[in-house]
Amino acid sequence: MNMADSKHISNLLLRGTLRHKVDMSRYVSWRAGGVAERMYQPADIEDLRMFLCDLPPDEPVYVLGLGSNLLVRDGGLCGTVLLLHGVLSELRIEEDGAVYAEAGVPGAKLARFAALNNRSGAEFFAGIPGTVGGMLAMNAGCYGSQTWEKVSNVMTVNRRGEINIRNAADYEIGYRQVALHKGGEEWFVAAWLNFEPGNGDTVRREIKTLLSKRIVSQPLNLPNAGSVFRNPPGDYAARLIEQCGLKGKRIGAAQVSEKHANFIVNSGKASATDIEQLINHVHATVEQCTGVSLLCEVRIIGEQKKCNK
Ligand SMILES: Cc1cc2nc3c(=O)[nH]c(=O)nc-3n(C[C@H](O)[C@H](O)[C@H](O)COP(=O)(O)OP(=O)(O)OC[C@H]3O[C@@H](n4cnc5c(N)ncnc54)[C@H](O)[C@@H]3O)c2cc1C
């Protein structure tokens with residue numbers, strides 16, 4: 001562990017990396033937002049467990065994967081961000097055939113691993129630019145598949161550094177939402193996923209087809225966070241936004257994409273405030289014009305004003 005300027009963490013056995021005053025715009029796909037007081041990137045699950053055991057109980061904690069569904073306000077985050085991408089990265093096939101994937105594994109890597117091992121059903125993960133942890137937290141999905149349909153068990157860690165093995169019955173799982181029935185704060189550190197036997201070459205071809213569909217329909221050349229709003233029952237958020245004439249609407253350098261109305265792109269140096277104001281404007285306009293109150297899919301965290309610690 002880099003202890004150079006660590007003030008509150010005393011455990012010398014920690015093996016991860018602690019950074020202070022971290023510019024979160026480098027860690028979220030919108031490439032905007034404020035500074036986090038601290039960021040800890042654990043070496044592995046055991047190291048994360050030990051870090052949490054040692055953390056003051058009132059320290060705010062935020063878990064980050066690839067930041068592809070996250071807006072961090074310009075005032076930043078008071079507390080510690082736990083960065084799991086790039087570290088909790090183990091992938092293996094278990095004796096019973098399940099795929100064990102740690103929380104920091106990107107969706108594309110999981111899809112390729114499944115194909116390599118002649119399994120089908122993981123193709124949809126290829127186009128979701130998040131980690132296994134983020135996909136579990138969001139029940140991410142597309143093209144008719146959702147993350148939790150593939151889950152047999154998950155491993156979680158709580159604030160006290162305790163590990164639990166849970167299954168889908170422990171959670172209330174819905175469209176882009178997942179909550180522990182018993183409540184409380186826990187984070188995903190790994191999952192066991194079941195896929196059907198398949199032919200690797202066929203699966204790879206399917207992945208290519210799904211990825212090319214995205215290139216045609218999504219503004220992947222500019223920073224964005226995927227769909228901003230959830231689709232309302234029986235309809236599409238993008239259709240409603242377009243119907244209200246909002247395609248191309250800008251606040252600062254934040255813009256409703258001309259290519260996909262449910263995407264907001266950072267067309268230059270957008271601030272998180274520009275993006276949040278545009279989200280609010282789209283929400284209010286759609287409600288006024290269609291009566292539908294869209295629910296936000298992206299998570300918005302952090303302070304409006306600079307954190308003074
Ligand atoms: C171009 C583009 C296309 C996209 N397409 C899709 C799509 O087709 N379908 C879809 O569902 N989403 C899509 N998304 C959104 C996004 O990729 C998913 O929501 C993804 O699951 C987020 O994963 P992440 O690792 O980036 O999570 P982050 O953005 O880092 O975090 C998102 C939320 O999950 C929480 N979280 C992250 N890791 C953990 C963990 N280990 N334990 C507990 N909570 C955690 C965070 O605290 C935060 O609240 C897209 C995004 C982009 C930019």
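What you are looking at is a predicted structure, and each value in this text was computed from that prediction instead of being measured. Atoms within each ligand, like the ligands themselves, are counted from 1 in listed order.
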Residue pair Tyr175 / Asn231, side-chain heavy-atom distance below 4.5 Å: yes
For Leu84, the ligand 1 atoms whose distance to one of its heavy atoms is below 4.0 Å: 41 (N)
For atom 32 (C) of ligand 1, the option (of Leu82, Asn69, Val105) bearing the nearest heavy atom: Asn69
Proximal atoms of ligand 1 relative to Ala140 (non-hydrogen, under 4.0 Å): 10 (C), 11 (O), 21 (O)
Winner among Cys142, Gly141, Pro219 once heavy atoms are compared against atom 9 (N) of ligand 1: Gly141
Donor-acceptor under 3.5 Å (Ser257 side chain, Phe263 main chain): no
Check: Phe188 ring centroid to Tyr171 ring centroid under 6.0 Å: yes
Contacting atoms of ligand 1, where contact means under 4.0 angstrom from a heavy atom of Thr131: 23 (O), 24 (P), 25 (O)
Cluster overlap Val154 with Trp187, hydrophobic side-chain contacts below 4.5 Å: no
Val189 reachable from Val132 in the ILVMFWY side-chain graph, under 4.5 Å edges: no
Donor-acceptor pair, side chain of Arg31 and main chain of Asn266, under 3.5 angstrom: no
Which of the ligand 1 atoms, numbered from 1, are nearer than 4.0 Å to a heavy atom of Ala225: 51 (C), 52 (C), 53 (C)
Other residues, nucleotides, ligands: >12 heavy atoms within 6.0 Å of Lys259 NZ: yes
Audit row: Arg239, Glu242, salt bridge (Lys or Arg N to Asp or Glu O under 4.0 Å) steps and yes/no: CA-CA 5 Å; Arg239 193 193 71 78; Glu242 189 169 353; over 6 Å; no
Polar side-chain atom of Glu172 near backbone of His181 as donor-acceptor pair, under 3.5 Å: no
Under 3.5 Å: N/O of Arg299 near N/O of ligand 1: yes
Protein heavy atom at shortest distance from atom 42 (N) of ligand 1: Phe188 N, 2.9 Å
Polar contact flag for Ile128 and ligand 1 (N/O pairs, less than 3.5 Å): no
Met24 CE to Leu71 CG distance, which is reported to the nearest 0.5 Å: 10.5 Å
Location of contacts on Asn139 toward ligand 1, heavy atoms closer than 4.0 Å: neither
Under 3.5 Å: donor-acceptor pair, side chain of Asp47, backbone of Gly16: yes
Atoms of ligand 1 close to Met135 [distance to a heavy atom under 4.0 angstrom, numbered from 1]: 21 (O)
Gly65, any N or O under 3.5 Å of ligand 1 N or O: yes
Residue Leu220 vicinity, atoms of ligand 1 by number, heavy atom under 4.0 Å: 1 (C)
Non-hydrogen atom of Gln146 closer than 4.0 Å to ligand 1: no
Approximate separation, where rounding is to 0.5 Å, of Met138 CE and Asn69 CG: 4.0 Å
Atom 28 (P) of ligand 1 [closest protein heavy-atom partner, distance rounded to 0.1 Å]: Gly67 N, 3.6 Å
Nearest-neighbour protein heavy atom for atom 37 (C) of ligand 1, which is reported as residue plus atom name and distance: Gly134 CA, 3.6 Å
Sole candidate of Val298, Leu294, Asp274 that passes side-chain contact (heavy atoms from CB on, under 4.5 Å) when paired with Ile279: Val298
Which residue and heavy atom of the protein sit nearest atom 1 (C) of ligand 1, plus the separation: Asn224 OD1, 3.4 Å
Met138, portion touching ligand 1 at heavy-atom distance under 4.0 Å: side chain
Closest candidate by heavy atom, reference atom 5 (N) of ligand 1, pool Gln218, His260, Arg214, Glu297: Arg214
Any N or O of Phe263 closer than 3.5 Å to N or O of ligand 1: no
Region of His85 engaging ligand 1 - heavy atom pairs below 4.0 Å: neither
Val63 neighbourhood, listing ligand 1 atoms whose heavy-atom distance to it stays under 4.0 Å: 36 (N), 37 (C), 38 (N), 39 (C), 40 (C), 41 (N), 46 (C), 47 (O)
Under 3.5 Å donor-acceptor, Asp74 side chain and Thr273 backbone: yes
Of the listed options Ser68, Ser227, Gly133, Pro129, closest to atom 15 (C) of ligand 1 (non-hydrogen atoms): Ser68
Ligand 1 to Ala137 polar contact by distance, N or O atoms, under 3.5 Å: no
